[in-house]
Amino acid sequence: MSVRVRYAPSPTGSPHVGNIRTALFCHFFARHHDGVMFVRIEDTDRARTVPGVEQEILESIRWAGIEWQEGPDKGGPFAPYKQSERQEQGIYQPYIDELLNSGNAYKAFDTPEELDEMRQYQQINKKPFGYFGGAWRDATPALVGEAEASGKKPVIRLRMPRGKMLVVNDAIRGRVEFESDLVDDPVLIKADGMPTYHFAAMVDDHLMGTTHVIRGEEWISSAPKHVWLFEAFGWEPPVFVHVPVIKGKDGAKLSKRHGDTKMLDYRAAGYLPGALANFITLIGWSPGGDREIMSMEEIASCFKLEGLQPSPGVFDADKLKWMNGNYIRALTPEQLISEVSGYVTNSEVAAYFGSEDHGDPLAVEGLALLKSAFESNPAYVGRVLPLEQERVTTLAEFGPACAFFFVDEVTFDEKAVEKWFVGQGHVEALFNHLIAGLDGRSSISLEECRALVQQFVDQEGLEKLGPAVHPARVALTGKTAGPGLFELMEVLGPARMLSRLQRAKGMIR
RNA sequence: GGCCCGUUGGUCUAGCGGUUAGGACGCCUCCCUUUCACGGAGGAGAUCACGGGUUCGAUUCCCGUACGGGUCACCA
């Protein structure tokens, strides 16, 4: 039987890295088995559905490099792939009727207030919480008829069995047992007529031929309800795969408090999708052995359920940065240019670094400089970028790192000026030497730059390059750290260097 | 609180009865070198949560305990 997995997000909030990791697992599993991955939108809660989120979900998984064959955006043999539409088409009706007729479901007319009271009572008396019968599980037909006649809108609940051991076969944990007496009767159809997750997802999983249900660990405690539903229908259940949650540095479930959690925030922050996808699939999954940096293809080819971990993992932002730097360094010059130009023109980037949570004026400024340089002098940018490639860990860092290439007047670092412009007797002579060598030229090669500096070193009888290189770098960039001096000189060109050198001369003390 | 799941250096992990417990991030040292970074070579850091078994032998198997997590909605 060929594998069919579903990614079934609920459009109630922006997808975060945990959600996307689940989607990644679905994708790799399906691809590994040449199976099908489909997306199904679980929007049965009308009140909590947030407009636009469905698009964000699709955009997030698309950016992550996930491929799906069927979904709300592309249709498929089991369309529609949105539960609200399936409900409108009456797809769930015959199944709830079937359950009602077989006695596996019943109508309950409790009011929310009555249920509240019940829960309070259970809490005070230290009883298990939940609907274990209430007033309606065993109500007489007469009573039900009466309630119906009075116009009350009931919910429909699943009648869980009593005195039975419910077994969930989890692909990661093996056999997990639940005493049925401790599992309460879940609502299948709400009073407004909409199905709940418990009902719609299981019916759809069956109807859509789902072979494996890959979902978050938070579902494991309701899994016995799902298993029973399949049994009540006489259907073959799918294989359940409950993947562990992702935690923040403090050990609590990843949330907004931990900084970025929205998937697309990482795009705005300058992460490459391949790096992010690589990194998050390694939380809770391992190919075995030492492999870490892997392309989507590589992961798909060796992805096995056995590599999935049962315990939660912590999201280590430092390691993500390292991995992203790795991916940036692996970019060809052409890829580098296209990645960065796409990045700086993305409006969500400026918004991200301008926001209160991630405010970073230096990034905003540097990225704006980069963006306008792309417009005015793309060839120059193309030469600048490779010089910083191995020095950044995110696309955003190209902004501040490259800024000195694009400004008319560099910003001098106080300490750098202090160290190299003060009390260094040879610096003025150095600058004059460079100015003389640069004057009148339209361009200069890396080797010519080296020769020019070397010439001064020889003239002055200096033992090392340092005393010439360091002041020159500060004069040209304002900083003590950056690309190799000769590389940066070549790209900067004579004209820019001349004006910087002149200005720096005035700062010698 | 009930039920369920988990527990290898700070973090992600390899391991699947016998290993000097391996790798990666981070940290430190050194090398390379015109700085930073990259790269390279080392280092510190784990009584494999604890206590009992099983076994000739347990990080690996079983049972408790502790700790952590998940879940107890007409939310998913």
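Bear in mind the structure is a predicted one, so any value in this text is a computation, not a measurement. In what follows, chains carry the letters A, B, and so on, assigned in the order in which the sequence lines appear, proteins first and then strands, with residues in each chain numbered from 1. What you see below is based on every heavy atom in this structure, not just the backbone, and it leaves out hydrogens, waters and symmetry mates.
A close approach under 4.0 Å does not occur between any side-chain nitrogen or oxygen of A/R48 and OP1 or OP2 of B/A76. Residue A/T44 has a polar side-chain atom (N or O) positioned under 4.0 Å from OP1 or OP2 of B/A76. Between A/K319 and the phosphate of B/U13, there is no side-chain N or O to OP1/OP2 separation shorter than 4.0 Å. Taking only side-chain nitrogens and oxygens, A/K247 never comes nearer than 4.0 Å to OP1 or OP2 of B/U7.
Between the P atoms of B/G6 and B/U65, the separation comes to 16 Å (whole Å). Straight-line distance between the C1' atoms of B/G9 and B/C25: roughly 12 Å, to the nearest whole Å. For the C1' atoms, the distance linking B/A49 with B/G68 amounts to 10 Å, nearest Å. The C1' atoms of B/U13 and B/C48 are separated by 13 Å, rounded to the nearest whole Å. Using atom P as the reference point in both B/U34 and B/A24, the two lie 29 Å apart (nearest Å). The same atom, C1', is picked in B/U20 and in B/U59; the two are 15 Å apart, to the nearest Å. Annotation: B/U8 and B/C3 have their P atoms spaced 25 Å apart (nearest Å). Separation of the P atoms belonging to B/U55 and B/G2 is 34 Å when rounded to the nearest angstrom.
At a cut-off of 3.5 angstrom, the base of B/C38 holds no donor-acceptor pair with the side chain of A/R329. Residue A/R391 places a side-chain atom within donor-acceptor reach of the base of B/C36, judged by atom type and a 3.5 Å distance cut-off alone.
Shown here, B/C74 forms no base pair; nothing in the strands shown gives a Watson-Crick or G-U wobble contact with both key distances under 3.5 Å. Pairing for B/C30 is with B/G40, a Watson-Crick or G-U wobble pair whose two hydrogen-bonding atom distances lie under 3.5 Å. In this structure, B/U11 and B/A24 make a Watson-Crick or G-U wobble pair, each of the two defining distances being under 3.5 angstrom. Under the Watson-Crick or G-U wobble criterion, with both distances below 3.5 Å, B/U65 is paired with B/A49. Nucleotide B/C56 forms a Watson-Crick or G-U wobble pair with B/G18, both donor-acceptor distances falling under 3.5 Å.
Residue A/V314 has its side chain nearest to B/U11 when only B/U13, B/G70, B/U11 are considered. Checked against B/C36, B/C75, B/C25, the side chain of A/A481 finds its nearest nucleotide in B/C36. Comparing atom distances between the A/S311 side chain and each of B/C75, B/G6, B/U13 picks out B/G6 as nearest. Residue A/P310 has its side chain nearest to B/U7 when only B/U7, B/G26, B/A76 are considered. Among B/C38, B/U11, B/C5, the nucleotide with an atom closest to any side-chain atom of A/R173 is B/C5. For A/V176, whose side chain is taken as the heavy atoms from C-beta onward, the closest listed nucleotide among B/C25, B/C5, B/C3 is B/C5. Comparing B/C75, B/U34, B/C38 against the side chain of A/H470 picks out B/U34 as the nearest. Ranking B/G69, B/C74, B/U34 by closeness to the A/V245 side chain, first place goes to B/G69. Each of B/G70, B/U34, B/C74 was ranked by its minimum atom distance to the side chain of A/V469; first place goes to B/U34.
Counting non-hydrogen atoms under 4.0 angstrom, A/E292 reaches a base of the nucleic acid. Within 4.0 Å of A/T480, counting heavy atoms only, lies at least one base atom of the nucleic acid. Counting non-hydrogen atoms under 4.0 angstrom, A/D184 reaches nothing in the nucleic acid. At the heavy-atom level, A/P244 lies nowhere under 4.0 Å from the strands shown. Note on A/G484: a base of the nucleic acid sits closer than 4.0 angstrom, heavy atoms only. Counting any heavy atom pair closer than 4.0 Å across all strands shown, A/E177 reaches sugar-phosphate atoms only and no base atom. Counting non-hydrogen atoms under 4.0 angstrom, A/F279 reaches nothing in the nucleic acid. Within 4.0 Å (heavy atoms only), A/R291 reaches no atom of the nucleic acid at all. As judged by a 4.0 angstrom heavy-atom cut-off over every strand, A/G284 is placed among residues touching the sugar-phosphate backbone only.
A donor-acceptor pair shorter than 3.5 Å cannot be found between the side chains of A/T49 and A/D43. With 3.5 Å as the limit, one finds no donor-acceptor pair spanning the side chains of A/D138 and A/Y106. A donor and an acceptor atom, one from each side chain of A/Q454 and A/D458, are located under 3.5 Å apart.
Nearer the 5' end of RNA chain B, as judged by each residue's closest nucleotide, is the contact made by A/K249, out of A/K249 and A/G307. Judged by closest nucleotide on RNA chain B, A/L320 is the one of A/L320 and A/G482 placed further toward the 5' end.
Within residues 449-457 of chain A, no residue places a heavy atom under 4.0 Å from RNA chain B. Residues from residues 217-230 of chain A lying near RNA chain B, meaning a heavy-atom separation below 4.0 Å, are A/E217, A/E218, A/W219, A/S221 in numerical order.
Sorted by first and then second residue, the side chain to side chain donor-acceptor pair (under 3.5 Å) pairs involving residues 418-427 of chain A (not counting sequence neighbours) form an empty list.
Remark: A/R175 does not engage A/D170 in a salt bridge, criterion side-chain N to carboxylate O under 4.0 Å. By the 4.0 Å N-to-carboxylate-O rule, A/R119 lies close enough to A/D116 to be salt-bridged with it. Between A/D192 and A/R46 there is a salt bridge, with a side-chain nitrogen of the basic residue lying less than 4.0 Å from a carboxylate oxygen of the acidic one. Note on A/E88 versus A/K82: no salt bridge recorded, every NZ/NE/NH1/NH2 to OD/OE distance being 4.0 Å or above. A salt bridge links A/R48 and A/D45; the closest N-O separation between the charged side-chain nitrogens and carboxylate oxygens is under 4.0 Å.
In this structure, the CD atom of A/Q309 is 15 Å from the P atom of B/C16, given to the nearest Å. Atom CG of A/L282 and atom C1' of B/C25 are 11 Å apart (whole Å).
Here the straight-line distance linking atom CG of A/L158 with atom NZ of A/K225 works out to 9.0 Å at 0.5 Å rounding.
Each of A/I214, A/V39, A/V213 was evaluated against A/C26; a single residue qualifies, A/I214, per the side-chain contact (heavy atoms from CB on, under 4.5 Å) test.
The minimum heavy-atom distance between A/A468 and A/L430, with the atom names listed, is O-CD2, 3.3 Å.
Side-chain contact between A/R86 and A/P80 is present, with heavy atoms from C-beta onward closer than 4.5 Å.
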